[in-house]
Amino acid sequence: MKLSVLLERITYEICQGSTQQEVSSVVFDSRKVSEGSLFICIRGAVVDGHSFVDDVVKKGAKTLVVEEAVSVPDDVTVVKVEDTRYAMAYISAAWFGNPAEKLKTIGITGTKGKTTTTYMVKSILENAGYKVGLIGTIETIVGDKVTPASNTTPESYVVQQSFREMVDAGCDAVVMEVSSQGLMLHRTEGFVFDFGIFTNIEPDHIGPNEHTSFEHYLSCKAMLLKQCKVGIVNRDDSHFEKIIAGHTCSLETYGFSPKADLRAEQPKLVSKPGYLGISYHVAGLMDFPVEIDIPGKFSIYNSLTAIAICRHFKVHQDDIVKALKTAKVKGRIEMIKVSDEFTLMIDYAHNAMALESLLTTLREYNPHRLVCLFGCGGNRSRDRRFEMGEVSGKLADLTIITSDNPRNEEPQAIIDDIKTGISKTDGKYVEIIDRKEAIAYAIHHGEPGDIVILAGKGHEDYQEIKGKKYPMDERVLIAEILEEDRQK
């Protein structure tokens with residue numbers, strides 16, 4: 001492909017060479033350069049791609065996209081741009097034939113609810129006959145091909161590559177999680193979303209390597225409403241006015257507020273042994289009852305968000321109701337049947353805010369006891385351990401402290417930090433380092449009417465210890481425990 005085609009939608013300066021240069025591949029990883037490659041110099045948090053210029057030229061790169069002057073042989077074309085990440089998004093889109101133009105694109109951002117909502121949307125649309133690709137925190141799905149995710153929102157090149165695969169696989173639409181980092185780093189530039197969804201915002205991802213402040217975090221999230229045709233926003237969020245400030249899309253709202261275009265009314269908790277759910281009535285732009293077997297008010301928000309999106313695809317309400325009954329997300333309030341007397345579930349809640357939201361939600365179901373099993377990751381903020389210990393001590397009747405991903409720390413040291421947090425409360429606890437033994441304890445000591453939550457691992461199927469990942473899926477551990485019990 002000629003360089004001129006790849007540069008059609010960006011502003012640039014040719015420092016040397018010609019836009020008629022032929023490009024054999026587009027690369028931002030120096031290890032993947034081959035003869036005729038176009039190499040994009042990306043400034044990362046750790047490594048600056050400009051430092052690899054000599055190396056990639058030796059490997060055969062004939063075109064460089066840079067932000068600063070570089071010295072290379074005359075047969076190498078040098079393209080200077082203001083922001084190489086921004087340029088990469090458009091170059092990648094052009095390289096793959098602008099595949100987003102052949103898909104209905106749905107982008108979902110927000111502090112909470114992105115993952116569950118993407119799966120609900122996929123379930124509803126596929127139930128109605130659409131073929132839908134998915135890009136998210138857990139995985140990327142293209143037809144029958146499932147690829148585990150390393151970032152919530154991949155680099156723009158990977159996003160466009162996935163879009164191309166979806167088009168080639170016959171997909172009609174794609175639903176993807178859009179992180180604040182992804183927006184800040186221009187990973188979703190290069191196309192305009194048909195639908196941009198804002199679920200909610202709370203302080204999160206604020207730190208040296210992420211966002212400098214809550215205001216910066218919010219402004220990055222709000223960028224989505226300048227990169228979509230139709231914006232769908234939670235009207236109940238306390239930051240609603242700031243979220244929509246400067247939006248360039250047509251706007252719709254959802255929530256409990258009477259001002260919302262699509263509303264949830266008459267919410268009711270649904271509870272029986274082994275089953276927790278919620279029902280409500282959809283009003284406003286649509287009118288029908290819904291019941292879902294995922295507990296909590298936030299489940300209403302997630303499903304109402306999905307309904308607000310799928311309404312634009314002319315999905316019949318019967319298809320929506322049916323699909324919401326079957327939509328499941330691995331590791332997000334995932335109920336596992338172990339007993340007819342108590343309820344056990346797996347959830348990814350791995351910080352104090354998420355754990356408090358989860359336990360507060362489950363408290364509303366008036367369990368006999370609320371039992372919370374969790375650990376904390378090693379080589380991460382110790383404050384998280386203190387905070388999670390305190391939250392569980394306050395809200396759970398029994399906390400089972402165990403190991404998560406200890407990484408390079410000693411599991412007992414992490415557990416001791418969690419106990420420091422619990423000591424600020426009157427909460428009861430037991431400590432069992434081995435996670436399988438801890439889960440077995442939770443199952444064997446379950447009492448009628450209990451709700452038992454295994455928190456922190458969620459969809460993860462490994463445990464990271466001393467730099468190595470060992471297979472560990474809580475669903476497998478539960479199955480092993482039940483099988484061992486049967487053989488006794």
Are any non-hydrogen side-chain atoms of [X] and [Y] less than 4.5 angstrom apart?
| X | Y | answer |
| --- | --- | --- |
| M472 | L477 | yes |
| Q160 | F191 | yes |
| L125 | V175 | no |
| T399 | I418 | no |
| I232 | T305 | no |
| L269 | N366 | no |
| S123 | L324 | no |
| Y280 | S303 | yes |

Output yes when a side-chain donor or acceptor of [X] lies under 3.5 Å from a complementary backbone atom of [Y], and no otherwise.
| X | Y | result |
| --- | --- | --- |
| D48 | S51 | no |
| S392 | G389 | no |
| T117 | A306 | no |
| S37 | S34 | yes |
| K322 | D318 | no |
| T153 | S179 | yes |
| Y365 | G296 | yes |
| S381 | D383 | yes |
| D319 | A128 | no |
| E334 | G331 | yes |

Given M166 and I135, is the side-chain contact (heavy atoms from CB on, under 4.5 Å) satisfied, shown in steps?
-> CA-CA 11 Å; M166 289 172 190; I135 300 174; 3.8 Å; yes
For atom [atom1] of [X], decide whether the heavy atoms of other residues, nucleotides or ligands shown that lie under 6.0 angstrom number more than 12.
| X | atom1 | value |
| --- | --- | --- |
| K337 | NZ | yes |
| K419 | NZ | yes |
| K428 | NZ | no |
| K325 | NZ | yes |
| R31 | CZ | no |
| K466 | NZ | yes |
| D426 | CG | no |

For K221, which of V178, I201, T199 qualifies under side chain to side chain contact (heavy atoms under 4.5 Å, CB included)?
-> I201
Side chain to side chain contact (heavy atoms under 4.5 Å, CB included) test vs F386 passes for just one of R382, E390, R384, namely R382
Could you verify whether a donor N or O on one side chain and an acceptor N or O on the other, from E483 and Q487, lie under 3.5 Å apart?
-> yes
Is a side-chain donor-acceptor pair under 3.5 Å present for N405 with E460?
-> yes
Nearest-0.5 Å distance, [atom1] of residue [X] to [atom2] of residue [Y]:
| X | Y | atom1 | atom2 | result |
| --- | --- | --- | --- | --- |
| E177 | T140 | CD | OG1 | 10.0 Å |
| T402 | K436 | OG1 | NZ | 13.0 Å |
| R369 | E447 | CZ | CD | 3.5 Å |
| T111 | F198 | OG1 | CZ | 7.0 Å |
| C372 | M388 | SG | CE | 7.0 Å |
| L398 | D450 | CG | CG | 9.0 Å |

With a 4.0 Å cut-off, would you call [X] and [Y] a salt bridge?
| X | Y | result |
| --- | --- | --- |
| K330 | E139 | no |
| D397 | R363 | yes |
| R85 | E155 | yes |
| K242 | E215 | no |
| R475 | E480 | no |

Kindly assign one of parallel, tilted or perpendicular to the pair H239 and F214, based on the angle between their ring planes and the thresholds 30° and 60°.
-> tilted
Mind checking whether [X] and [Y] have ring centres under 6.0 Å apart?
| X | Y | value |
| --- | --- | --- |
| F96 | Y157 | yes |
| F195 | F193 | no |
| F39 | F52 | no |

Checking side-chain contact (heavy atoms from CB on, under 4.5 Å) for the pair N151/R187: CA distance, chi angles, key distance, verdict?
-> CA-CA 11 Å; N151 297 102; R187 291 173 181 168; 4.3 Å; yes
Among N200, D236, T116, side-chain hydrogen bond (donor to acceptor under 3.5 Å, both in side chains) partner for Y301 = D236
If you compare all heavy atoms of [X] against all heavy atoms of [Y], which two are closest, and at what distance to 0.1 Å?
| X | Y | result |
| --- | --- | --- |
| I346 | I336 | CD1-CG1, 3.9 Å |
| L358 | A349 | CD2-CB, 4.1 Å |
| P295 | I333 | CD-CG2, 3.4 Å |
| I300 | I292 | N-CD1, 4.5 Å |
| D404 | G375 | CB-C, 3.7 Å |
| T115 | V329 | CG2-CG1, 3.8 Å |

May I have the step-by-step check of salt bridge (charged side-chain N to carboxylate O under 4.0 Å, His left out) for D416 and R385, ending in yes or no?
-> CA-CA 9 Å; D416 289 344; R385 305 167 193 176; over 6 Å; no
Quick one: do T109 and S180 satisfy side-chain contact (heavy atoms from CB on, under 4.5 Å)? Show the steps, please.
-> CA-CA 7 Å; T109 198; S180 56; 5.7 Å; no
Working for side-chain contact (heavy atoms from CB on, under 4.5 Å), residues D461 and V476 = CA-CA 9 Å; D461 57 4; V476 174; over 6 Å; no
Row check, F256 ring normal vs K297 NZ/CZ: under 6.0 Å, within 45° = yes
Does K457 count as lying over the ring of Y462, i.e. NZ or CZ under 6.0 Å from the six-ring centre, within 45 degrees of the axis?
-> yes
